[in-house]
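Numbering of residues begins at 1 and proceeds along the displayed sequence. Excluded from the calculations below are hydrogen atoms, water molecules and symmetry mates; all remaining heavy atoms, backbone and side chain alike, are included.
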Amino acid sequence: MKNTIEPIGDDEERGELKRVMGPGLLLLFIVGDVLGTGIYALTGQVAAEVGGVVWLPFLIAFVVALLTACSYLELVTKYPKAAGAALYTHKAFGIHFVTFLVAFAVMSSGITSAATASRAFAANFSTSLGLDVGAFGVPLIALGFIALVAAINFRGVGESVKLNVLLTVVELTGLVLIIGIGLWAIAGGQGDVSRAWTFEAPEGGGTFWPVVAATTLAFFAMVGFEDSVNMAEECKKPSKIFPKVLLGGLAITGTIYVLVAISAITLVPAAELGEGETPLLKVIQAGAPTFPVGVFAVITMFAVANSALINMMMASRLLYGMSREGVLPASLGKVHSARRTPYIAIIFTSLLAVALILFAGGVKELGGTTALLLLCVFAIVNVAVLMLRKDKVSHKHFRTPTILPVLGALTCAFFAGPWTGRDPIQYVIAGCLLVLGTVLWLATVQFMRTASQSA
């Protein structure tokens, strides 16, 4: 069905978000989002797939992400509003159901990541303090943490972004520490640099498909840049600053990932790096055995906390933006009169995160499902760029070469397919989420029709 519901523009209830983010804060937001929990946990899993060339899948994932980032740049500078991919889908196709599912997929990926990060934070918190919290302790700490994130989110984007700056600096410190230890060890003749050029398939097969499988894992570490477009209404001069800042942020994170991967494989053999869930901790222990392990555990905890904060900010702004476009109920677009934040959307997304923490937060496959959903969304965004070329706007904006969104759509569709070696459970989880999204869409349409008839 076509969307025939007009956006509501009540300034008192809906209002405009406060523009507080300049290029510096936006850059830290992007870097902090991409450098989330992925690199701290995925390096070992990637090494298990390809051996010493662990840096290669991260590099390929960076190129795939860059293609889609260029499409996002054209759209966010053309339509500098909150809502991101869902808004672009809405404008390109005008089909309420498709728009709703894209919005739901993006929101689900953010909230699922935040809920999982909250549980990881709780586990690291209890471990670093030596607490024996029992089976119910971790979920309770995670719930307390998600409540704190909601409070910071409600307080205002300025406060949220300032905390993001602090947490980003901390997680950057951890990764720079890994790189520094690696370079120091190489300079001192420690480790084996030749490992970085050694390919080892888990079953002794060819090169192509193991690298593809590893890239699907590494891609999860590259997602996050798309969250920034949902903050467009809170950026100063978004059409002007986004291109340089987004491309610069991706270049920084891509470089850091490759250097971390090389440092890790130089100091720790691939087989050992692929065991357990703390690969970078093994690098610290191998290259700097006197470094206090607890300090790095705290750094990891802060990195996880940053991911949760950014994802919850993104999810709430997405709902706010789509409410303003008339795709979701008007109540989700209400802005608090004093704090100028979308408080109803914050409450709604926080409750969903609570449900995930209690009922699905421990499912390891959710990370892969998040990447799967976003790859599908990215493919749609790349197509939307081409469809919206005929829609002209009055201001100047970034324009990506046509070949890039074509390549972006093809590569994203390829890496979302079952031929990449994905665990089938990821498709089951994604399917269940989309079924739930369909049910919610039917309920939303009925709710909005009833509200329209009552008006």
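Closest of all the heavy-atom pairs between Pro418 and Tyr427 is N-OH, 3.0 Å.
Distance alone, capped at 3.5 Å, is enough to place a donor-acceptor pair between the Lys78 side chain and the Leu388 backbone. The backbone N or O of Gly52 lies less than 3.5 Å from no partner atom in the side chain of Thr198, so there is not a single donor-acceptor pair.
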Residues 399-417, side-chain donor-acceptor partners within the protein, below 3.5 Å, at least two apart:
unit_1 : atom_1 : unit_2 : atom_2 : d
Thr402 : OG1    : Arg389 : NH1    : 3.1
Thr411 : OG1    : Leu407 : O      : 2.8
Thr411 : OG1    : Gly408 : O      : 3.1

Without placing hydrogens or testing angles, list every side-chain donor-acceptor pair under 3.5 Å for residues 262-269, not counting sequence neighbours.
unit_1 : atom_1 : unit_2 : atom_2 : d
Ser263 : OG     : Leu259 : O      : 3.0
Thr266 : OG1    : Ile262 : O      : 2.7

Per-pair distances, 0.1 Å, donor-acceptor, side chain in residues 208-217, under 3.5 Å, sequence neighbours excluded:
unit_1 : atom_1 : unit_2 : atom_2 : d
Thr215 : OG1    : Val211 : O      : 2.7
Thr216 : OG1    : Ala213 : O      : 2.5

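Side-chain contact between Phe104 and Val106 is absent, with no heavy-atom pair separated by less than 4.5 Å. Leu56 is not listed as a side-chain neighbour of Val46, based on a closest heavy-atom distance of 4.5 Å or more. In this structure the side chain of Leu250 reaches within 4.5 angstrom of the side chain of Met222, judged on heavy atoms. Contact of the Tyr320 side chain with the Ile346 side chain is not registered, since no non-hydrogen atoms from C-beta on lie closer than 4.5 Å. Side-chain contact between Tyr88 and Val76 is present, with at least one heavy-atom pair separated by less than 4.5 Å.
One finds the CG atom of Leu175 at 6.0 Å from the CD1 atom of Ile256 (value rounded to the nearest 0.5 Å). Residue Phe242 holds its CZ atom at 9.5 Å from OG1 of Thr77, rounded to the nearest 0.5 Å.
Taking the six-membered ring where the residue is Trp, the centroids of Tyr72 and Phe378 are separated by under 6.0 Å.
For the pair Lys91 and Tyr79, the cation-pi test (distance below 6.0 Å, angle within 45°) is passed.
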